Participant: 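Below is a structure I'd like to ask you about.
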Amino acid sequence: MYKTLLTELDKGMMTITINRPDKMNALNKDVIAELGQAMDDVYTNAEVKTVIITGAGEKSFVAGADISEFLSLDAAGGAALAKIGQDSVFNKIENCPKPVVAAVNGFSLGGGCELAMACHFRVAATNAKFGQPEVNLGLIPGYGGTQRLTQLVGKGKAMELMMTADMIGAEEAKTLGLVNHVVAPEELINKAKEILLKIQTKAPVAVAQVIACVNDAAKCNAHGFDNEIERFGACFTTEDMKEGTGAFLEKRKPVFKGK
Ligand code: COA
């Protein structure tokens with residue numbers, strides 16, 4: 001179905017694998033277009049409950065935007081590349097009402113680090129390496145990296161990482177709060193699935209509201225507290241809230257319908 005992606009749906013979990021291992025899974029125009037389509041499918045396909053994004057092969061998650069597409073660009077072309085990517089992929093992932101986790105298996109550089117950061121959280125293999133090396137190319141991050149790295153690791157460390165272009169390993173990324181878990185490469189997908197299976201037992205509408213509220217906080221939305229009040233109230237109109245509270249009082253496990 002896709003030229004540059006592999007997709008698999010298993011127990012409600014959609015795994016999207018970027019599949020250009022000979023080019024370290026670099027994000028060319030085709031990958032960006034197909035990731036946008038895959039995310040549209042995630043939004044609309046009721047069978048998809050949660051999502052894992054990963055890279056093909058053992059060396060790389062994604063080693064950045066495809067540098068070979070940069071040479072012909074001028075200011076407007078560069079800005080358009082960044083805007084199309086942000087609108088059609090990165091923001092769509094971040095704002096997705098279904099949980100999206102990055103399973104980072106190797107190099108996660110430039111647009112790869114930005115892709116991982118657009119996901120709701122990250123699980124990394126011990127061989128994962130993170131960095132924003134754009135200044136080596138005379139560039140800056142363009143897929144949201146200056147914003148999301150600062151949100152995740154704080155201003156000082158974000159400044160240092162983006163100005164030095166240093167690569168950091170999985171354990172350091174965990175210490176900085178860039179990744180939540182570090183596991184052996186062969187355990188990576190299982191770890192992501194284990195967490196997502198747990199989330200799939202929770203009330204889906206409430207999970208979607210958590211995503212929206214936390215995104216407000218990350219973006220310093222001045223209305224974050226008011227939005228939380230409104231979304232908290234909205235939860236009371238769901239069947240799942242009646243089921244969850246009813247199940248607690250009846251001392252049984254809830255069965256949520258996502259309604
Ligand atoms: N864009 C386009 N092609 C890329 C790429 C990228 N971001 N990253 C890797 N590739 C290609 C290489 O050109 C090479 O292609 P070739 O076999 O046709 O020559 C292939 O992927 C393998 O990469 P190679 O550099 O030989 O592997 P390596 O193990 O020596 O190094 C990296 C791996 C990730 C350290 C190195 O490829 C790299 O620094 N990539 C660029 C990272 C970057 O600057 N990203 C930010 C872009 S904005």
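When a ligand or atom number is given, it counts from 1 through the structure's own listing order. All figures in this text were calculated on a predicted structure; none of them were measured in a lab.
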Participant: What atoms in ligand 1 come closer than 4.0 Å to a heavy atom of D66?
Facilitator: 1 (N), 2 (C)
Participant: Which residue and non-hydrogen atom of the protein lie closest to atom 12 (C) of ligand 1, and at what distance in Å?
Facilitator: K23 CD, 5.0 Å
Participant: Between R252, K257, K202, which is the residue that forms a salt bridge (Lys or Arg N to Asp or Glu O under 4.0 Å) with E243?
Facilitator: R252
Participant: Decide yes or no for E94 and R148: does some side-chain heavy atom of the first lie under 4.5 Å from some side-chain heavy atom of the second?
Facilitator: yes
Participant: Applying the side chain to side chain contact (heavy atoms under 4.5 Å, CB included) test to P99, which of L196, I52, I195 qualifies?
Facilitator: L196
Participant: Output yes when a protein non-hydrogen atom is found under 4.0 Å of atom 39 (O) of ligand 1, and no otherwise.
Facilitator: no
Participant: Take atom NZ in K242; do more than 12 heavy atoms of anything else shown fall under 6.0 Å from it?
Facilitator: yes
Participant: Can you check atom 19 (O) of ligand 1: any protein non-hydrogen atom closer than 4.0 Å?
Facilitator: no
Participant: As a test of the contact definition, would atom 30 (O) of ligand 1 count as having a protein heavy-atom neighbour under 4.0 Å?
Facilitator: no
Participant: Using a 4.0 Å cutoff against the non-hydrogen atoms of L109, which atoms of ligand 1 qualify?
Facilitator: 34 (C), 42 (C)
Participant: So that I can tick it off, tell me whether D30 and R20 are bridged by a salt bridge, with the cut-off set at under 4.0 angstrom between side-chain N and carboxylate O.
Facilitator: no
Participant: Using the rule side-chain hydrogen bond (donor to acceptor under 3.5 Å, both in side chains), only one of T7, N19, T4 pairs with E34; which is it?
Facilitator: T4
Participant: In this structure, are over 12 heavy atoms from other groups packed under 6.0 Å from E58 atom CD?
Facilitator: no
Participant: Give a yes or no answer on whether the side chain of R231 reaches the backbone of Q209 with a donor-acceptor pair at less than 3.5 Å.
Facilitator: no
Participant: Between M14 and D41, what is the shortest heavy-atom contact and its length?
Facilitator: CE-OD2, 3.6 Å
Participant: Less than 4.0 Å from atom 9 (C) of ligand 1, is there any heavy atom belonging to the protein?
Facilitator: yes
Participant: Which protein heavy atom lies closest to atom 1 (N) of ligand 1, and at what distance to 0.1 Å?
Facilitator: I67 N, 2.9 Å
Participant: Relative to ligand 1, is D22 under 4.0 angstrom through side chain, backbone, both or neither, heavy atoms considered?
Facilitator: backbone
Participant: Between P133 and ligand 1, which residue portion shows a heavy-atom distance shorter than 4.0 Å: side chain, backbone, both, or neither?
Facilitator: side chain
Participant: Could you name the option among P21, G64, G142, A65 that has the heavy atom nearest to atom 6 (C) of ligand 1?
Facilitator: A65
Participant: Would you say OH of Y43 has more than 12 non-hydrogen atoms from neighbouring residues, nucleotides or ligands within 6.0 angstrom?
Facilitator: yes
Participant: Is K59 close enough to touch ligand 1? Criterion: a residue heavy atom under 4.0 Å from a ligand atom.
Facilitator: yes
Participant: Please check atom 15 (O) of ligand 1 for a protein heavy-atom neighbour under 4.0 Å.
Facilitator: yes
Participant: Nearest protein heavy atom to atom 5 (C) of ligand 1, by residue and atom, and its distance?
Facilitator: A26 CB, 4.0 Å
Participant: Does any N or O in the side chain of N25 come within less than 3.5 Å of the main-chain N or O of S60, such that one atom is a donor and the other an acceptor?
Facilitator: yes
Participant: To the nearest 0.1 Å, how far is atom 45 (N) of ligand 1 from its closest protein heavy atom, and which atom is that?
Facilitator: A63 O, 3.0 Å
Participant: Can you tell me which residue and heavy atom of the protein come closest to atom 33 (C) of ligand 1, and the distance to 0.1 Å?
Facilitator: F107 CE1, 3.8 Å
Participant: To the nearest 0.1 Å, how far is atom 27 (O) of ligand 1 from its closest protein heavy atom, and which atom is that?
Facilitator: M24 CE, 3.4 Å
